[in-house]
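Report on one structure; see the data block that follows.
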Amino acid sequence: MTGLHSHQINISSEADIVTARQIGRNMSKELGFGTIMQSRIATTISELARNIFLYAGDGFILLEGLVEESRVGLKISAVDQGGGIADIRKAMEDGFSTSGALGAGLPGVRRMMDEFTLESRPGQGTRVVVVKWLEGQEGR
Amino acid sequence: MTGLHSHQINISSEADIVTARQIGRNMSKELGFGTIMQSRIATTISELARNIFLYAGDGFILLEGLVEESRVGLKISAVDQGGGIADIRKAMEDGFSTSGALGAGLPGVRRMMDEFTLESRPGQGTRVVVVKWLEGQEGR
Amino acid sequence: MGQDSELMYTRILRGYLEGKSEDQLYLAQQFGKWLLSKNISPEEVIDMHGRLLEALGDVPLYVRDSFQILTEVMIEYGNAFRSFDSWRSRHQQLQAEIAVASAMQQTLLPERLPQCPGMDIGMVSIAANEMSGDFYHFGYEEEGQFYVAIADITGKGIPAAMCMSMLRYAMDSLGEMKLPPAHMLRHLNSVVERNIDPCMFVTMQYGRYDTVNHVFRYATAGHEPGFLYRVREDRFYDLDGRGAALGIAAGSEYQEYVLQLEPGDFLVLLTDGVTERKIDRSYIQREELISYLQEEMHVPAQELVNRLYQRLLLLSQFEQQDDYTMIVLRRDQVSKGGE
Amino acid sequence: MGQDSELMYTRILRGYLEGKSEDQLYLAQQFGKWLLSKNISPEEVIDMHGRLLEALGDVPLYVRDSFQILTEVMIEYGNAFRSFDSWRSRHQQLQAEIAVASAMQQTLLPERLPQCPGMDIGMVSIAANEMSGDFYHFGYEEEGQFYVAIADITGKGIPAAMCMSMLRYAMDSLGEMKLPPAHMLRHLNSVVERNIDPCMFVTMQYGRYDTVNHVFRYATAGHEPGFLYRVREDRFYDLDGRGAALGIAAGSEYQEYVLQLEPGDFLVLLTDGVTERKIDRSYIQREELISYLQEEMHVPAQELVNRLYQRLLLLSQFEQQDDYTMIVLRRDQVSKGGE
Ligand SMILES: [Mn+2]
Ligand SMILES: [Mn+2]
Ligand SMILES: [Mn+2]
Ligand SMILES: [Mn+2]
């Protein structure tokens with residue numbers, strides 16, 4: 001098992017997003033997640049990293065392997081010092097009702113992961129932390 | 001080109017549904033429909049034939065190749081002498097909003113086909129006629 | 001994905017590869033429905049397909065790898081799928097709310113039609129969606145008179161329904177004053193004008209029917225004209241009348257019209273949902289409506305309005321764009337009323 | 001499916017097979033979004049994948065055939081997909097209706113808070129969905145008095161909102177009578193009892209504040225108790241009071257309570273949407289709410305209520321289950337009122 005523990009990837013370009021995805025995919029593979037969860041984790045990292053890249057300019061993704069007595073998981077934190085989210089309730093609404101902006105977005109990320117917390121204060125940046133736990137059947 | 005013109009298949013068992021699908025698939029292949037349209041046509045036939053089988057007991061499916069000067073198409077008629085549809089508006093509503101009964105249903109059939117007409121009188125049976133025209137890009 | 005799904009799918013795949021029969025394709029379709037009902041996301045289906053393929057033969061490496069790309073594409077379909085699912089529960093909640101609100105609205109409409117000797121009355125009112133912006137009302141007055149109102153609030157759905165509740169309260173308080181039709185509309189206009197959003201208005205036809213003398217007095221506020229059918233001439237006349245819709249301008253004035261009905265004559269009151277019905281790509285013409293009325297008019301009034309609704313619904317292939325209301329008031333052929 | 005999509009997809013597939021790099025997987029995900037935005041159905045994606053595979057190498061016959069089964073399964077996903085799409089337009093229409101109805105509802109609520117010398121007032125009222133079943137009202141009376149009502153109609157959403165409109169009309173007509181709080185509730189109870197669906201009811205706290213003597217008289221109809229904060233003791237008291245909710249039974253009686261506010265004391269009126277907020281899996285306790293109030297209370301009343309709302313929203317991770325209303329009425333620390 002290499003590369004577990006944690007990795008921090010600074011995000012300021014599209015290439016950084018790919019790097020973060022790659023590391024996240026490797027870590028999730030090592031933790032025992034199946035192919036679908038690996039892809040969902042990569043998608044989650046994309047979404048969070050793209051938000052940093054598009055709205056805050058720069059920030060970082062922190063990936064941490066969680067190994068507890070009875071379970072293992074992956075924790076993904078996305079942190080920036082950007083302007084923060086002005087209307088958090090709106091950001092957590094499904095884009096579905098609006099123009100047709102489909103895809104994951106924050107609500108999609110929340111649905112793919114097991115735990116989700118978001119903190120944002122205008123002018124002080126945003127921090128999203130999600131965790132995916134490995135289910136028994138997932139380990140293939 | 002064999003078996004074009006028209007075929008009538010009496011429907012009184014699940015096996016008849018499969019026969020109707022098979023003939024419909026062959027006819028659509030001969031008319032030049034691509035694989036997806038072949039499958040959608042088979043699905044349409046299933047839905048219409050299953051309605052006959054489940055609600056009217058028996059009836060028939062009529063499949064007709066339409067060859068006009070500028071276009072070709074397949075016409076599917078589903079006819080029964082059952083009790084008719086009590087609430088037609090309801091039958092044409094998307095099952096989606098209700099219990100979670102997904103899948104095609106009559107609204108799904110309507111969306112897959114180009115033309116759709118339905119006639120039903122309580123006690124006098126039901127007749128559904130749909131047509132799918134072959135689009136230029138479809139012919140692969 | 002459950003083990004039973006995988007077993008089922010393997011069996012379907014094997015069966016198809018052996019016989020290439022339509023049975024297996026039919027099974028595959030039914031299986032698709034079943035997976036959907038279990039909320040299996042599309043990327044899981046792809047993943048399962050890719051894995052089970054390995055059990056069936058030697059899969060070239062590049063085919064195996066290609067599934068990685070297909071899965072990645074399908075993840076986004078899966079996200080859309082899950083988002084639909086959460087929206088579905090929101091939508092179901094809305095529909096439940098609307099069902100309750102719609103029941104509240106029903107209590108504002110008259111429960112029964114007037115029962116008058118010498119008269120045959122039929123009525124059908126069906127909302128395009130759950131809540132109606134069409135409104136009708138019957139009221140009884142002394143000396144064999146009743147009044148009838150038919151109205152259409154701009155737009156339909158929830159805002160029109162909220163507006164309808166207010167209209168009902170206003171009519172109720174004014175109803176006791178027993179005003180002649182033109183005065184009634186004048187008063188209602190000032191209520192609507194003061195209390196309702198400036199971009200909403202209400203069209204209305206309001207009449208009082210004298211069942212002893214079979215005289216109908218009515219006034220119109222920008223409303224789609226109904227019809228008067230004259231048995232003697234076998235002809236339909238428009239029930240027109242001038243007057244601005246309620247809520248358009250303060251101080252609108254209305255005119256009263258008087259009709260005398262002979263035995264067998266009948267009145268048709270309607271909203272524009274009856275005529276503004278799309279058939280193929282054009283709207284139904286009033287002449288067409290008259291021809292349908294003519295074909296169906298030899299049955300009791302309630303049967304007449306029912307048949308007409310069914311017929312128009314069929315013609316427009318079950319699309320109802322607007323709220324639909326039709327009232328028929330017929331003087332009996334052999335009049336039992338005094339004259 | 002357009003030719004450009006197929007070219008793009010071939011390029012992504014080729015790129016991935018050559019380098020197996022994450023770049024291509026990232027591209028595939030973005031491509032999935034793009035296909036979705038073009039309304040390409042999932043069975044078309046499968047079909048495209050199967051066809052393009054042939055261009056990349058020798059596909060074993062059984063793999064090729066297996067795509068026939070996968071397509072058949074996916075047709076049902078495609079049907080679900082298309083049905084979502086039509087349902088989406090229905091949902092958008094409903095949302096547009098609700099936006100209009102919600103604007104109509106806003107006009108029924110007071111536009112501004114009372115401006116009283118010696119008082120600092122703050123208010124926040126936010127619906128769980130678009131339409132609110134919480135209600136609040138302020139009214140002015142002579143001699144430095146104003147009244148304040150806070151109410152919660154059972155349930156939320158559209159039916160509660162329709163009910164709220166009626167309540168507003170009832171309060172308006174009774175408002176002119178300047179009744180003491182307990183009498184006001186008695187009258188409102190009889191209106192609600194007669195006019196509203198038997199399974200709906202309304203909880204209300206109604207009070208009149210005398211800004212000269214800083215006396216608050218109030219009565220309660222089954223409403224979630226608010227708080228009184230006493231500066232001298234640095235302590236919160238419950239603003240309780242007996243009385244059945246409006247609409248439960250005819251003839252309910254209410255009791256009047258009288259409070260004297262000292263400089264710096266404040267009242268908190270609220271609906272159960274404030275306290276019935278799920279945090280993790282349990283509801284917030286009144287003691288917790290008090291501790292938040294205590295932390296934020298050293299700012300002007302409007303800032304206080306805003307901060308509290310933000311804080312609770314964050315705690316419940318942006319899920320708001322019920323309509324939320326909080327009103328704070330504070331007697332200024334250095335009182336400018338006479339005493
Ligand atoms: Mn209307
Ligand atoms: Mn209309
Ligand atoms: Mn409520
Ligand atoms: Mn509440």
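Not measured: the values here are computed from a predicted model. Within every chain, numbering begins at 1; the chains are lettered A, B, ... in the order of the sequence lines, protein sequences first and strands thereafter.
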Side-chain touch Glu72(C)/Thr43(A), heavy atoms, less than 4.5 angstrom: yes

Least distance between heavy atoms, Ile36(A) atom then Ile75(C) atom: O-CD1, 4.0 Å

Donor-acceptor side-chain pairing of Arg40(A) and Thr71(C) below 3.5 angstrom: no

Atom OH of Tyr55(A): over 12 foreign heavy atoms under 6.0 Å: no

Residues, nucleotides or ligands: over 12 heavy atoms within 6.0 Å of Asn10(A) CG: yes

Any Ser39(A) side-chain heavy atom under 4.5 Å of Gln68(C) side chain: yes

Whether over 12 other heavy atoms sit under 6.0 Å from Arg64(C) CZ: yes

Other residues, nucleotides, ligands: >12 heavy atoms within 6.0 Å of Gln81(A) CD: no

Residue pair Ser83(C) / Arg111(A), side-chain heavy-atom distance below 4.5 Å: yes

Heavy atoms from other residues, nucleotides or ligands near CZ of Arg121(A) exceed 12 (cutoff 6.0 Å): no

